[in-house]
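Each remark here refers to the structure printed beneath this line.
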Amino acid sequence: MKKLIIIILTVLSSNLKSYSQSGRIFDFLHNDASARSAAMGGATLTVVDDPTMLHYNPALINTIISQQVSFCFFKHLLDINSGTLFYGNNFEGIGKLGAGVNYINYGSFKRTDKNGVIQGDFGANDLAFTIGYGTYLNDEISVGLSSKLIFSNIDNYSTSAIALDGGLFYQDTLRRLQVGVSILNLGTQLSKINDKSEDLPIDLRVGVSHQLKGLPLFVALNFTRLLDNNDEFFNRFSYFNIGGEFKISNPIRLRFGYNNKVRSDVSFGESKELAGFSGGFGLIIQEYRIDYGFNSFSRLGSLHRISINVKL
(Lines give C-alpha, C1' and ligand atoms only; values in the text may rest on other atoms or scores of the structure.)
Protein backbone atom coordinates (compact mmCIF):
# COMPACT_ATOMS: atom_id res chain seq x y z
CA MET A 1 0.00 0.00 0.00
CA LYS A 2 2.88 2.37 0.78
CA LYS A 3 4.40 1.84 -2.67
CA LEU A 4 1.02 2.40 -4.31
CA ILE A 5 0.56 5.74 -2.54
CA ILE A 6 4.08 6.87 -3.51
CA ILE A 7 3.44 5.97 -7.16
CA ILE A 8 0.14 7.87 -7.21
CA LEU A 9 1.70 10.94 -5.54
CA THR A 10 4.50 10.90 -8.11
CA VAL A 11 2.01 10.76 -10.99
CA LEU A 12 -0.03 13.59 -9.48
CA SER A 13 3.06 15.78 -9.08
CA SER A 14 4.31 15.14 -12.61
CA ASN A 15 0.99 16.28 -14.12
CA LEU A 16 0.38 19.42 -12.07
CA LYS A 17 1.43 21.92 -14.72
CA SER A 18 -1.20 20.65 -17.16
CA TYR A 19 -4.08 21.81 -14.98
CA SER A 20 -5.50 25.33 -14.70
CA GLN A 21 -7.07 27.16 -11.78
CA SER A 22 -10.33 28.40 -13.27
CA GLY A 23 -12.74 26.09 -11.43
CA ARG A 24 -15.15 28.70 -10.07
CA ILE A 25 -18.03 26.24 -9.65
CA PHE A 26 -15.99 24.11 -7.28
CA ASP A 27 -14.26 26.92 -5.37
CA PHE A 28 -16.10 25.91 -2.19
CA LEU A 29 -13.41 23.22 -1.83
CA HIS A 30 -11.06 26.00 -0.66
CA ASN A 31 -13.25 26.78 2.37
CA ASP A 32 -12.17 26.00 5.93
CA ALA A 33 -13.67 22.81 7.32
CA SER A 34 -13.55 23.47 11.07
CA ALA A 35 -13.60 26.22 13.67
CA ARG A 36 -10.09 25.23 14.74
CA SER A 37 -8.65 25.72 11.27
CA ALA A 38 -10.59 28.95 10.72
CA ALA A 39 -9.29 30.40 13.99
CA MET A 40 -5.72 29.59 12.89
CA GLY A 41 -6.17 31.33 9.53
CA GLY A 42 -6.18 28.00 7.70
CA ALA A 43 -2.54 27.26 8.63
CA THR A 44 -3.25 23.61 9.43
CA LEU A 45 -1.10 21.51 7.08
CA THR A 46 0.77 20.11 10.09
CA VAL A 47 -1.91 19.90 12.82
CA VAL A 48 -2.01 16.34 14.15
CA ASP A 49 -4.62 14.07 15.76
CA ASP A 50 -7.66 15.76 14.22
CA PRO A 51 -9.85 13.98 11.61
CA THR A 52 -10.84 17.29 9.99
CA MET A 53 -7.24 17.74 8.78
CA LEU A 54 -8.01 15.16 6.09
CA HIS A 55 -9.50 18.17 4.28
CA TYR A 56 -6.08 19.89 4.14
CA ASN A 57 -3.49 17.11 4.07
CA PRO A 58 -4.43 13.41 3.73
CA ALA A 59 -1.17 12.35 5.40
CA LEU A 60 -2.43 13.81 8.70
CA ILE A 61 -5.04 11.05 9.00
CA ASN A 62 -2.09 8.85 9.93
CA THR A 63 -1.57 10.92 13.09
CA ILE A 64 -4.99 10.00 14.52
CA ILE A 65 -4.37 8.39 17.92
CA SER A 66 -7.90 7.19 18.67
CA GLN A 67 -11.29 6.92 16.98
CA GLN A 68 -12.67 10.43 16.50
CA VAL A 69 -15.55 12.27 14.88
CA SER A 70 -15.72 16.03 14.27
CA PHE A 71 -18.76 18.14 13.33
CA CYS A 72 -18.82 21.81 12.34
CA PHE A 73 -21.66 24.16 11.45
CA PHE A 74 -21.59 27.83 10.60
CA LYS A 75 -23.83 30.45 9.11
CA HIS A 76 -22.02 32.25 6.34
CA LEU A 77 -22.55 35.78 5.08
CA LEU A 78 -26.09 36.48 3.82
CA ASP A 79 -28.24 33.30 4.02
CA ILE A 80 -25.50 30.77 3.28
CA ASN A 81 -25.28 27.79 5.68
CA SER A 82 -22.49 25.23 5.75
CA GLY A 83 -21.54 22.11 7.64
CA THR A 84 -18.84 19.44 7.73
CA LEU A 85 -18.55 15.99 9.29
CA PHE A 86 -15.26 14.08 9.52
CA TYR A 87 -14.29 10.70 10.99
CA GLY A 88 -10.94 9.00 11.57
CA ASN A 89 -9.85 5.70 13.09
CA ASN A 90 -7.25 2.95 13.00
CA PHE A 91 -8.63 -0.25 11.52
CA GLU A 92 -6.79 -3.42 12.52
CA GLY A 93 -5.01 -4.99 9.59
CA ILE A 94 -5.83 -2.05 7.28
CA GLY A 95 -4.39 1.12 8.79
CA LYS A 96 -5.59 4.66 9.41
CA LEU A 97 -8.71 5.64 7.48
CA GLY A 98 -10.69 8.86 7.37
CA ALA A 99 -13.90 10.06 5.78
CA GLY A 100 -15.65 13.41 5.48
CA VAL A 101 -18.65 15.32 4.15
CA ASN A 102 -18.61 19.01 3.20
CA TYR A 103 -21.98 20.68 2.50
CA ILE A 104 -23.08 24.22 1.60
CA ASN A 105 -26.60 25.58 1.09
CA TYR A 106 -26.76 29.00 -0.55
CA GLY A 107 -30.33 29.75 0.44
CA SER A 108 -33.33 30.67 -1.69
CA PHE A 109 -33.40 33.03 -4.67
CA LYS A 110 -36.22 34.58 -6.70
CA ARG A 111 -36.63 33.29 -10.23
CA THR A 112 -37.68 35.99 -12.72
CA ASP A 113 -38.30 36.17 -16.43
CA LYS A 114 -36.62 38.66 -18.79
CA ASN A 115 -39.13 41.32 -17.74
CA GLY A 116 -38.39 40.91 -14.04
CA VAL A 117 -41.64 39.09 -13.24
CA ILE A 118 -41.16 36.71 -10.30
CA GLN A 119 -41.87 33.09 -11.24
CA GLY A 120 -41.03 31.30 -8.01
CA ASP A 121 -37.93 30.39 -6.02
CA PHE A 122 -34.85 28.26 -6.63
CA GLY A 123 -31.88 27.11 -4.58
CA ALA A 124 -28.23 26.14 -4.91
CA ASN A 125 -26.07 23.58 -3.07
CA ASP A 126 -22.54 22.14 -3.04
CA LEU A 127 -21.59 18.74 -1.63
CA ALA A 128 -18.34 16.76 -1.40
CA PHE A 129 -17.65 13.27 -0.01
CA THR A 130 -14.07 12.34 0.93
CA ILE A 131 -12.41 9.08 1.97
CA GLY A 132 -8.69 8.81 2.72
CA TYR A 133 -5.89 6.53 3.87
CA GLY A 134 -2.65 7.32 5.67
CA THR A 135 0.45 5.34 6.56
CA TYR A 136 4.10 5.72 7.62
CA LEU A 137 7.08 5.65 5.27
CA ASN A 138 9.38 5.65 8.30
CA ASP A 139 9.38 6.95 11.87
CA GLU A 140 9.33 10.58 10.71
CA ILE A 141 7.40 10.65 7.42
CA SER A 142 3.72 9.93 6.78
CA VAL A 143 1.97 9.81 3.41
CA GLY A 144 -1.71 9.92 2.61
CA LEU A 145 -4.12 9.72 -0.28
CA SER A 146 -7.82 10.56 -0.48
CA SER A 147 -10.53 10.61 -3.14
CA LYS A 148 -13.53 12.93 -3.50
CA LEU A 149 -16.91 12.85 -5.15
CA ILE A 150 -18.12 16.41 -5.72
CA PHE A 151 -21.58 17.67 -6.60
CA SER A 152 -22.88 21.16 -7.33
CA ASN A 153 -26.30 22.32 -8.41
CA ILE A 154 -28.24 25.52 -9.00
CA ASP A 155 -31.94 25.43 -9.80
CA ASN A 156 -32.44 22.58 -12.32
CA TYR A 157 -28.78 22.49 -13.37
CA SER A 158 -26.20 20.22 -11.80
CA THR A 159 -22.64 19.06 -12.28
CA SER A 160 -20.32 16.52 -10.66
CA ALA A 161 -16.62 15.78 -10.46
CA ILE A 162 -14.12 13.31 -9.04
CA ALA A 163 -10.76 14.27 -7.53
CA LEU A 164 -7.72 12.96 -5.69
CA ASP A 165 -5.75 14.56 -2.84
CA GLY A 166 -2.24 13.56 -1.85
CA GLY A 167 -0.07 14.59 1.06
CA LEU A 168 3.21 14.23 2.96
CA PHE A 169 3.90 14.99 6.60
CA TYR A 170 7.34 15.15 8.23
CA GLN A 171 7.83 15.41 11.99
CA ASP A 172 11.14 15.92 13.80
CA THR A 173 10.30 15.43 17.47
CA LEU A 174 13.78 16.43 18.71
CA ARG A 175 13.69 19.80 16.96
CA ARG A 176 9.89 20.14 17.46
CA LEU A 177 9.61 20.81 13.72
CA GLN A 178 6.85 19.75 11.32
CA VAL A 179 6.58 20.08 7.53
CA GLY A 180 3.53 19.35 5.39
CA VAL A 181 2.91 19.25 1.65
CA SER A 182 -0.39 18.52 -0.07
CA ILE A 183 -1.87 18.48 -3.57
CA LEU A 184 -5.63 18.97 -3.50
CA ASN A 185 -8.51 18.64 -5.96
CA LEU A 186 -6.65 17.02 -8.83
CA GLY A 187 -9.37 15.49 -10.97
CA THR A 188 -11.95 15.94 -13.67
CA GLN A 189 -15.53 16.99 -14.19
CA LEU A 190 -17.90 14.06 -14.77
CA SER A 191 -20.99 15.97 -15.91
CA LYS A 192 -21.28 19.48 -17.31
CA ILE A 193 -23.72 22.39 -17.21
CA ASN A 194 -24.81 23.35 -20.74
CA ASP A 195 -21.84 21.40 -22.12
CA LYS A 196 -19.43 23.88 -20.51
CA SER A 197 -16.33 22.37 -18.90
CA GLU A 198 -15.00 23.57 -15.55
CA ASP A 199 -11.56 22.78 -14.16
CA LEU A 200 -11.23 21.90 -10.51
CA PRO A 201 -9.37 24.40 -8.26
CA ILE A 202 -6.06 22.54 -8.04
CA ASP A 203 -4.23 23.60 -4.90
CA LEU A 204 -0.58 22.95 -4.05
CA ARG A 205 0.14 23.74 -0.39
CA VAL A 206 3.36 23.79 1.61
CA GLY A 207 3.60 24.44 5.34
CA VAL A 208 6.01 24.43 8.25
CA SER A 209 5.35 24.63 11.99
CA HIS A 210 7.27 24.66 15.24
CA GLN A 211 6.47 23.91 18.86
CA LEU A 212 8.37 26.52 20.88
CA LYS A 213 10.75 25.28 23.54
CA GLY A 214 9.72 26.16 27.06
CA LEU A 215 6.48 27.75 25.88
CA PRO A 216 3.25 25.87 25.05
CA LEU A 217 2.84 27.67 21.73
CA PHE A 218 2.48 25.99 18.34
CA VAL A 219 3.10 28.36 15.39
CA ALA A 220 2.61 27.59 11.70
CA LEU A 221 3.22 29.18 8.30
CA ASN A 222 1.45 27.82 5.20
CA PHE A 223 1.61 28.78 1.54
CA THR A 224 -1.50 27.90 -0.48
CA ARG A 225 -2.68 27.96 -4.09
CA LEU A 226 0.88 27.89 -5.36
CA LEU A 227 -0.28 26.84 -8.83
CA ASP A 228 -2.58 29.83 -9.41
CA ASN A 229 -1.70 31.83 -12.49
CA ASN A 230 0.41 34.88 -11.60
CA ASP A 231 2.36 37.25 -13.81
CA GLU A 232 5.26 37.37 -11.37
CA PHE A 233 6.83 34.23 -9.87
CA PHE A 234 7.07 35.61 -6.33
CA ASN A 235 3.39 36.61 -6.42
CA ARG A 236 2.65 32.90 -6.07
CA PHE A 237 3.74 33.22 -2.45
CA SER A 238 1.33 36.04 -1.66
CA TYR A 239 -1.29 33.52 -0.55
CA PHE A 240 0.04 32.66 2.87
CA ASN A 241 -1.53 31.83 6.22
CA ILE A 242 -0.07 32.25 9.69
CA GLY A 243 -1.58 30.51 12.69
CA GLY A 244 -0.90 29.66 16.29
CA GLU A 245 -2.32 27.60 19.12
CA PHE A 246 -1.46 28.44 22.74
CA LYS A 247 -2.08 25.88 25.48
CA ILE A 248 -3.31 27.92 28.44
CA SER A 249 -3.98 24.79 30.52
CA ASN A 250 -4.91 21.17 29.89
CA PRO A 251 -8.52 22.02 28.95
CA ILE A 252 -8.05 25.44 27.27
CA ARG A 253 -6.44 26.43 23.94
CA LEU A 254 -6.27 29.95 22.53
CA ARG A 255 -5.82 30.35 18.77
CA PHE A 256 -4.97 33.16 16.36
CA GLY A 257 -4.44 33.47 12.63
CA TYR A 258 -3.94 35.63 9.58
CA ASN A 259 -4.96 34.89 5.97
CA ASN A 260 -3.22 37.20 3.49
CA LYS A 261 -5.48 36.26 0.57
CA VAL A 262 -8.59 37.32 2.47
CA ARG A 263 -6.99 40.65 3.35
CA SER A 264 -5.87 41.17 -0.26
CA ASP A 265 -9.34 40.43 -1.63
CA VAL A 266 -11.19 42.75 0.76
CA SER A 267 -10.90 46.41 -0.21
CA PHE A 268 -12.93 49.34 1.11
CA GLY A 269 -11.04 52.54 0.48
CA GLU A 270 -7.80 52.79 2.40
CA SER A 271 -8.95 50.87 5.48
CA LYS A 272 -9.27 47.10 5.57
CA GLU A 273 -9.80 47.06 9.34
CA LEU A 274 -9.32 43.48 10.66
CA ALA A 275 -9.89 41.72 7.33
CA GLY A 276 -7.89 38.50 7.20
CA PHE A 277 -7.37 38.23 10.95
CA SER A 278 -8.93 35.44 12.97
CA GLY A 279 -9.06 34.03 16.46
CA GLY A 280 -10.79 31.53 18.68
CA PHE A 281 -10.43 28.96 21.41
CA GLY A 282 -10.77 25.28 22.20
CA LEU A 283 -12.23 23.79 25.37
CA ILE A 284 -11.51 20.15 26.21
CA ILE A 285 -13.96 18.37 28.53
CA GLN A 286 -13.07 14.71 28.94
CA GLU A 287 -13.51 13.13 25.46
CA TYR A 288 -15.09 16.27 23.98
CA ARG A 289 -13.36 19.27 22.41
CA ILE A 290 -15.47 22.33 21.64
CA ASP A 291 -13.88 24.83 19.24
CA TYR A 292 -14.89 28.35 18.30
CA GLY A 293 -13.49 30.33 15.38
CA PHE A 294 -13.94 33.97 14.33
CA ASN A 295 -12.96 35.40 10.94
CA SER A 296 -13.16 39.05 9.94
CA PHE A 297 -14.04 40.23 6.43
CA SER A 298 -13.96 43.91 7.32
CA ARG A 299 -17.20 45.72 6.42
CA LEU A 300 -18.52 42.65 4.60
CA GLY A 301 -19.09 41.07 8.00
CA SER A 302 -17.68 38.29 10.16
CA LEU A 303 -17.95 34.51 10.31
CA HIS A 304 -18.50 32.52 13.48
CA ARG A 305 -17.90 28.78 13.51
CA ILE A 306 -18.46 26.16 16.19
CA SER A 307 -17.02 22.64 16.00
CA ILE A 308 -17.40 19.63 18.27
CA ASN A 309 -14.76 16.89 18.26
CA VAL A 310 -15.45 13.63 20.09
CA LYS A 311 -13.06 10.79 20.92
CA LEU A 312 -15.16 7.63 20.82
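This chain uses plain numbering: 1 for the first residue, then up along the sequence.
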Please report the closest heavy-atom contact between A43 and G243, naming both atoms and the distance. CB-N, 3.6 Å
Does atom OH of Y288 have more than 12 heavy-atom neighbours from other groups under 6.0 Å away? no
One should read off an interatomic distance between N153 CG and S160 OG, to the nearest 0.5 angstrom, of 11.0 Å
When rounded to the nearest 0.5 angstrom, what distance separates NZ in K148 from CG in N102? 8.0 Å
Would you say the side chains of N81 and Y103 form a donor-acceptor pair under 3.5 Å? no
Check the pair I150 / F26 against side-chain contact (heavy atoms from CB on, under 4.5 Å), numbers first and verdict last. CA-CA 8 Å; I150 310 160; F26 304 109; 3.6 Å; yes
Who passes side chain to side chain donor-acceptor pair (under 3.5 Å) against S37, sequence neighbours left out? D32, T44, Y56
Decide whether N125 and N105 meet the rule of one side-chain donor and one side-chain acceptor closer than 3.5 Å. yes
Checking T135 against N62: is there a side-chain donor and acceptor pair closer than 3.5 Å? no
May I have the step-by-step check of side-chain contact (heavy atoms from CB on, under 4.5 Å) for R176 and K213, ending in yes or no? CA-CA 8 Å; R176 304 173 306 284; K213 184 177 181 180; 3.2 Å; yes
Can you list the residues that meet the side chain to side chain donor-acceptor pair (under 3.5 Å) rule with R111, with sequence neighbours excluded? D155
Under 3.5 Å, is there a donor on one side chain and an acceptor on the other for T52 and S70? yes
Output a table of donor-acceptor pairs, distance under 3.5 Å, between side-chain atoms of residues 303-312 and any protein atom two or more places apart or on a different chain; print 'none' if there are none.
{"residue": "H304", "atom": "ND1", "partner": "Y292", "partner atom": "OH", "Å": "2.7"}
{"residue": "R305", "atom": "NH1", "partner": "N295", "partner atom": "OD1", "Å": "3.0"}
{"residue": "S307", "atom": "OG", "partner": "A35", "partner atom": "N", "Å": "2.8"}
{"residue": "N309", "atom": "ND2", "partner": "Q68", "partner atom": "OE1", "Å": "3.0"}

Cluster overlap F246 with L212, hydrophobic side-chain contacts below 4.5 Å: yes
For the residue pair Y258 and F240, does the interplanar ring angle fall in the parallel (under 30°), tilted (30 to 60°) or perpendicular (over 60°) class? tilted
Mind listing the closest non-hydrogen atom pair of G132 and L54 along with its distance? CA-CD1, 4.1 Å
Are D291 and R253 close enough for a salt bridge, meaning some N to O gap below 4.0 Å? no
Looking only at heavy atoms, what is the nearest atom pair of L274 and R263, with distance? C-NH1, 4.0 Å
OG (S142) and OH (Y170) are apart, to the nearest 0.5 Å, by 12.0 Å
N/O donor-acceptor pair under 3.5 Å between T159 side chain and S191 backbone: yes
Side-chain heavy atoms under 4.5 angstrom apart, residues restricted to Ile, Leu, Val, Met, Phe, Trp, Tyr: same cluster for L186 and L149? no
Between R205 and L226, is any pair of side-chain heavy atoms under 4.5 Å apart? no
I'd like to check the ring-ring contact (aromatic ring centres under 6.0 Å, His included) partners of F28; sequence neighbours left out, ordered by chain and number. none
When you group the ILVMFWY residues by side-chain heavy-atom contacts below 4.5 Å and let the links chain together, are L60 and L145 in the same group? no
Those residues that, when tested against K96, pass salt bridge (Lys or Arg N to Asp or Glu O under 4.0 Å) (two or more places apart): none
pair F74-S82: side-chain heavy atoms closer than 4.5 Å: yes
Measuring from L85:CG to C72:SG, what's the distance to the nearest 0.5 Å? 10.5 Å
Going by atom types only, do S146 and T130 share a side-chain donor-acceptor pair under 3.5 Å? no
Is the closest side-chain heavy-atom distance between T84 and F73 below 4.5 Å? no
Working to the nearest 0.5 angstrom, can you tell me the gap between Y106 OH and F122 CZ? 13.0 Å
Enter the distance from D165:CG to I202:CD1 here, rounded to the nearest 0.5 Å. 9.0 Å
Is there side-chain contact between I64 and P51, with heavy atoms separated by less than 4.5 Å? yes
Within the side chain of D49, is there an N or O that forms a donor-acceptor pair under 3.5 Å with the backbone of I65? yes
Should we say atom CD of Q119 is surrounded by more than 12 heavy atoms from elsewhere, each under 6.0 Å from it? yes
Show me the donor-acceptor pairs within less than 3.5 Å that the side chains of residues 277-285 make with the rest of the protein, sequence neighbours left out.
{"residue": "S278", "atom": "OG", "partner": "A38", "partner atom": "O", "Å": "3.2"}
{"residue": "S278", "atom": "OG", "partner": "A39", "partner atom": "O", "Å": "2.9"}
{"residue": "S278", "atom": "OG", "partner": "G41", "partner atom": "N", "Å": "3.3"}
{"residue": "S278", "atom": "OG", "partner": "G257", "partner atom": "O", "Å": "3.4"}

Is the OH atom of Y157 crowded by more than 12 outside heavy atoms at less than 6.0 Å? no
Under a 4.5 Å side-chain heavy-atom rule over Ile, Leu, Val, Met, Phe, Trp and Tyr, are L227 and L184 clustered together? no
So does S238 get a backbone contact from the side chain of N260, meaning a donor-acceptor N/O pair under 3.5 Å? yes
Which atoms form the tightest heavy-atom contact between L204 and I183, and what is the distance? CD1-CG1, 3.8 Å
Considering all heavy atoms, the nearest L200-A161 contact: CD1-CB, 3.8 Å
Checking side-chain contact (heavy atoms from CB on, under 4.5 Å) between V208 and each of L177, T46, N222, which is the one that passes? L177
Do D228 and D203 touch side chain to side chain, with heavy atoms closer than 4.5 Å? no
Is any side-chain heavy atom of M40 less than 4.5 Å from a side-chain heavy atom of V47? yes
In one Ile/Leu/Val/Met/Phe/Trp/Tyr side-chain cluster, 4.5 Å: L168, L221: yes
Is a side-chain donor-acceptor pair under 3.5 Å present for S197 with Q189? no
Search all heavy atoms of L45 against all heavy atoms of G207 and return the closest pair with its distance. CD1-N, 3.4 Å
Are the side chains of L127 and F129 in contact, using a 4.5 Å heavy-atom criterion? yes
Should Q171 and T173 count as side-chain neighbours, where that means a heavy-atom distance under 4.5 Å? yes
